[in-house]
Amino acid sequence: MFKGEFKEGQQQTAILEDIEGIVSVQSLEAFLQWLYLRRIKFKIMEPVHQISAMIELARFADMCVVTEMEAQVARQLKKLLLANPNPESTEGGININTYCLTSQHVISATFLPQGHAVRRILAAATVEGYLRCENHRFAREAREYPTYGVDLLEEVGSTLKGFKFDHYKAIYLDPLDGQEQNIYRFRAG
């Protein structure tokens, strides 16, 4: 852009317009930080807003066709989700991994390419609620946003491959933290 015959090359400047959920001062600063330091750190403390910033950065990087940061953003997102479980969840609680996730997070991630690591982490986080709750937290999004529904079903399918029965419990490994979870408890009959 700066070396060709484009206007930006002649003026040595580029103007980026704000695009909600993709291009913002925050996403540009995080992108530049990653380019120069190969790290991503947001000044935001609230986990819900950090997740929004990570998804926005992933979408900005995708728009710029930069795939190298995808895995790093996904790892940080996973770490953040695991560090902020549902405080009301005790042993056997439901929606443990989705406490900080919002509908907008799930919807925004659907604009990333299929198979994107960030999309997969969000879908993996919602598997536990899907398997353990009849009307799970993101059921509406699974119906209204088919690409999220596909992501969720792919993660559920992978999870069910490790499904086992132990005494009177159906057990699977949570795809986000790898811990054993019970789906149902059966009574001895």
Side-chain angles (χ1 to χ4, degrees), residues 1-4 6-87 95-129 137-138 141-142 144-145 147-152 154-155 174-178:
M1 173 169 63
F2 290 110
K3 294 182 181 181
F6 297 108
K7 178 176 128 181
E8 292 85 359
Q10 295 169 0
Q11 296 176 352
Q12 289 298 294
T13 60
I15 298 172
L16 291 173
E17 299 288 331
D18 276 349
I19 302 173
E20 187 178 340
I22 304 173
V23 180
S24 68
V25 171
Q26 177 178 265
S27 63
L28 181 60
E29 285 176 349
F31 184 74
L32 291 173
Q33 179 186 68
W34 180 82
L35 280 175
Y36 286 102
L37 304 174
R38 288 298 195 244
R39 68 182 179 101
I40 303 163
K41 187 167 179 138
F42 297 100
K43 298 174 186 172
I44 306 163
M45 298 303 290
E46 182 105 12
V48 171
H49 299 301
Q50 285 184 32
I51 293 169
S52 296
M54 287 182 200
I55 295 169
E56 183 178 85
L57 175 60
R59 291 183 63 196
F60 182 79
D62 180 62
M63 181 186 84
C64 296
V65 195
V66 174
T67 58
E68 293 84 9
M69 74 166 42
E70 180 179 322
Q72 184 178 355
V73 174
R75 278 191 307 274
Q76 282 186 235
L77 181 58
K78 179 179 179 178
K79 185 178 176 181
L80 182 65
L81 290 170
L82 290 172
N84 294 282
N86 187 342
N95 294 317
I96 297 166
N97 302 323
T98 59
Y99 180 68
C100 296
L101 286 183
T102 67
S103 178
Q104 189 54 48
H105 292 143
V106 171
I107 294 165
S108 186
T110 65
F111 293 102
L112 291 165
Q114 186 174 6
H116 193 283
V118 168
R119 276 180 62 165
R120 294 195 66 211
I121 288 297
L122 290 177
T126 62
V127 166
E128 178 263 338
R137 186 165 177 206
F138 297 102
E141 290 80 0
E144 293 179 9
Y145 296 89
T147 56
Y148 163 65
V150 168
D151 293 344
L152 176 58
E154 286 178 354
E155 292 300 319
D174 185 287
L176 199 64
D177 66 9

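Source: prediction; values computed, not measured.
We find the SG-CD distance between C100 and E46 to be 8.0 Å, quoted to the nearest 0.5 Å. Here the straight-line distance linking atom NZ of K79 with atom CG of L176 works out to 13.5 Å at 0.5 Å rounding. Going from atom CD1 of I55 over to atom CD1 of I107 covers 10.5 Å, rounded to the nearest 0.5 Å. Note that the CZ atom of R75 and the CG atom of L80 stand 14.5 Å from one another [nearest 0.5 Å]. Separation of atoms CG (L101) and OG (S52) is listed at 9.5 Å; rounding is to 0.5 Å. Atom OG of S108 sits about 8.0 Å away from atom CD of E56, to the nearest 0.5 Å.
Remark: the backbone N or O of A58 is not paired with any side-chain donor or acceptor of D62 at under 3.5 angstrom. A distance-only check finds no donor-acceptor pair linking the side chain of E141 to the backbone of V106 [under 3.5 Å]. Remark: the backbone N or O of M54 is not paired with any side-chain donor or acceptor of Q76 at under 3.5 angstrom.
Donor-acceptor pairing under 3.5 Å is recorded for the side chains of H105 and T102. Under the 3.5 Å distance criterion, with hydrogens and angles disregarded, no donor-acceptor pair is assigned to the side chains of N97 and D177.
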Going by atom type alone, with no hydrogens or angles, which donor-acceptor pairs under 3.5 Å involve a side-chain atom of residues 114-127 and a protein atom two or more places apart or on another chain?
unit_1, atom_1, unit_2, atom_2, d
H116, ND1, V118, N, 3.1
R119, NE, D151, OD2, 2.7
R119, NH1, L112, O, 2.7
R119, NH2, T147, O, 3.3
R119, NH2, D151, OD1, 3.0
R119, NH2, D151, OD2, 2.9
R120, NE, E155, OE2, 3.1
R120, NH2, E155, OE2, 3.1
T126, OG1, A123, O, 2.8
T126, OG1, Y148, OH, 3.0

Identify each donor-acceptor pair in which a side-chain atom of residues 37-44 lies under 3.5 Å from a protein atom, sequence neighbours left out, and give them as a table.
unit_1, atom_1, unit_2, atom_2, d
R38, NH1, W34, O, 3.4

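Residues T110 and Y145 come closest through the heavy atom pair CG2-CB, 4.3 Å. When all heavy atoms are compared, the tightest approach of F31 to C64 is CZ-CB, 4.4 Å.
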